[in-house]
Novice: 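The structure follows.
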Amino acid sequence: MEARPFNSKEDTVLDVKPLRCLAPMFPAPYGFNTTFTTSGSAPFVCVSPFGSSTSGNGFPPSFHPANGGAANGLADVSPINLDEEPEPTAHTSPSVKKTRRRGRPRLRADSSETDVSEKKPQQRKKPRKITDLSLIFPSSLDPRESVEGVLMTFDALRRRLLQLDETTDATKRADLKAGAIMMANDLRANMGKRIGAVPGVEIGDIFYFRIEMCMVGLHAPSMAGIDYINAKSTETDEPTAVSIVSAGGYENEDGDVDFLIYTGQGGGTGNKHADKKQFDDQKLERGNLALEKSFHKGNLIRVIRSAKDMNCITGKIYIYDGLYKIQESWIDKGKSGFNVFKYKLLREPDQPEGIAVWKRTEQWKASPLSRGRVILPDISSGVETIPVCLVNEVDDAKGPSHFTYATKVRHLRSIDSMRALQGCKCLSVCLPGDANCSCAQQNEGSLPYSSSGLLVSRKAVVYECNSSCACSVNCRNRVTQKGVKLHFEVFRTRGRGWGLRSWDPIRAGTFICEYTGEVYDKVAADDGEEEHYSFRATYVDEKTLKWNHGPELLGEPSNQSEIFKPLPLIIRAKNIGNVARFMNHSCSPNVFWQPVMHDHAEEGYPHIMFFAIKHIPPMTELTFDYGVSSSNVLSTLAGTRGPMKCLCGIPKCRGIFG
DNA sequence: GGACGCTCAACACG
DNA sequence: CCGTGTTGAGCGTC
């Protein structure tokens, strides 16, 4: 149960963590003058089409899409599109989105369960437009923030809708319901089609629903695989392809990470018919025509590839793989003997890795020995069910200084001497909508996790089922108590000590790990001792406070003030700890902490559990916001140690943390 | 501008 | 776990 003692000088340095360096904003786009805004267009803000650089994956900075070429992208970007109040949206523009959704009945946005099920649930209420969103969603000029904000809000909505629907027998598809609400409120980024990079979306970004890519302007169609600018909106009067989704719906394709053979649409393949049999020749129209024209024009095309992910109910995720160009096209015979169009796309050079990262981590998971530069195959010495390997690809450090790996916290007094939680009387498993479940009651009336184990919303405290409960270990209200389920690696960062990342893609709301160590309270701990590798629950960052932002859109009261209360506990992981002790700080984190109770009832000393703020691609460093604790101010005064200088370098960096 | 039709979803059911 | 049936959204097109 102990990790090897290592001796490394700089281990005494706290792992400071910069990261997510967003590209500086360019004052004006480079020579982009064409605007294909399919719509009239709202008050847009111009942002460099080059998007941001590294972030997401810690990959080398920025790839610049081909320049100058005739057919180039445009640069209009709407930040999270609210009905800006400072810019009195004015009569000039707002028309765009209002008029658009008319074509067909929309999903109902409210949760009045009265009108749920008539036989033909046709006329459902369309999502309500919330008027004053500006307070909830301050508009951001930073494209990455806009995109993240849209996705985070969407998923919060989706999880909440799923939770609400479970108690009724309402139709599912919470993704579409949430998407409809987002669209109705113009909560989206990058409206209008563009060629090339999409500001705020980075290569390697992952998605779990097609509608997510639609909302951030990466790929507009909700189902179709080819996105294109229609003929009327282009200068040449020819349709122009902008992006494709390669998701295995057609024969062939795939193969390498550098190229792709893509099959055209139509002819009866795809999903139109259940048998998926082609019954007609494909025609050179719509997406096929657009691809053909793009081939001749040589314009860039975004490629989104899908990958198998068994943790996800749909069984796949989407990975943005960057820009490609069509190298050749031809007509082929499909299995059914009808003509199909084929397009060979070549990946542009010098781009950060996209699908390649995923392929590599999959291989590592299958055979961990194939992971190179390993210092130690399992830093947990077998205590975790999944090994945590230690790697160094950047320098000569041999590993962190000695500590004892422990999957559980160590309290000053025994758990037995603490008050016990009350238990529910649910047989087998707790079910949503069961008013008698006392555990649900403790959690504000709902089970805190979705059926797939995702945290629905942040709360001051989450109560899991426990040893006093009648339900079994299969109950869905037992998530964090079961420990980590991800393939972690502790790795050497560049200049910030050791860090933590995962081989698995992580969906927003996923439980990541507990912060284990020796639990003290403030008084007992205030001895000016070494405070590296310690956790304090005195601060929650803004992004985490906003993680729940579904409620307002559903007309539910905002509970931001209730989702955080400071706790007296301090967890020291200097001598005893787990993977959490390697998580570095960021002012733009992808992980947050959440108090959880599951084995005792001492409110001041809950377990500190970490969850994903957003979808996290494999090999992305996991970080949370350390905050600035008042006790650190005290220790500064005492001359022991002050806040650390933050190196995260994002525009909103506070400068210090710890 | 409105309705219709197209499409490498997503999920439930057996 | 799989096939497959069902209800779909945005957006181009007419």
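Below, read A as the first sequence line, B as the second, and so on, with proteins coming before strands; counting in each chain starts at 1. Note that the structure is a prediction, hence the values are computed from the model and not measured.
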Novice: Apply salt bridge (charged side-chain N to carboxylate O under 4.0 Å, His left out) to A/Arg159 and list each qualifying residue two or more places apart in sequence or on a separate chain.
Specialist: A/Asp155
Novice: Taking OP1 and OP2 of C/dG12, is either one under 4.0 Å from a side-chain nitrogen or oxygen of A/Lys193?
Specialist: yes
Novice: If the condition is side chain to side chain contact (heavy atoms under 4.5 Å, CB included), which residues does A/Ser222 pass it with, not counting sequence neighbours?
Specialist: none
Novice: Could you state the OH-C1' distance from A/Tyr228 to B/dT7, rounded to the nearest angstrom?
Specialist: 10 Å
Novice: Taking the nucleotide of DNA chain B with the closest heavy atom to each, which residue, A/Arg158 or A/Val245, is nearer the 5' end?
Specialist: A/Val245
Novice: Output all residues satisfying side chain to side chain contact (heavy atoms under 4.5 Å, CB included) with A/Thr167, sequence neighbours left out; order by chain, then residue number.
Specialist: none
Novice: Less than 6.0 angstrom separating the ring centers of A/Tyr208 and A/His615, yes or no?
Specialist: yes
Novice: Using Watson-Crick or G-U wobble pairs with both distances under 3.5 Å, give me DNA chain C in dot-bracket, 5' to 3', with [ ] for crossers and | for pairs to another strand.
Specialist: .||||||.||||||
Novice: Between A/Arg173 and B/dA10, is there a side-chain N or O to OP1/OP2 distance below 4.0 Å?
Specialist: no
Novice: Ring-plane angle category for A/Phe154 and A/Phe209, please: parallel below 30°, perpendicular beyond 60°, tilted otherwise.
Specialist: perpendicular
Novice: Below 4.0 angstrom, which residues in residues 306-321 of chain A have at least one non-hydrogen atom near DNA chain B?
Specialist: A/Ile313, A/Thr314, A/Lys316, A/Tyr318
Novice: Of all residues at least two apart in sequence or in a different chain, which pass the salt bridge (charged side-chain N to carboxylate O under 4.0 Å, His left out) check with A/Arg286?
Specialist: none
Novice: For the ring pair A/Phe511 and A/Phe611, is the centre-to-centre distance below 6.0 Å?
Specialist: yes
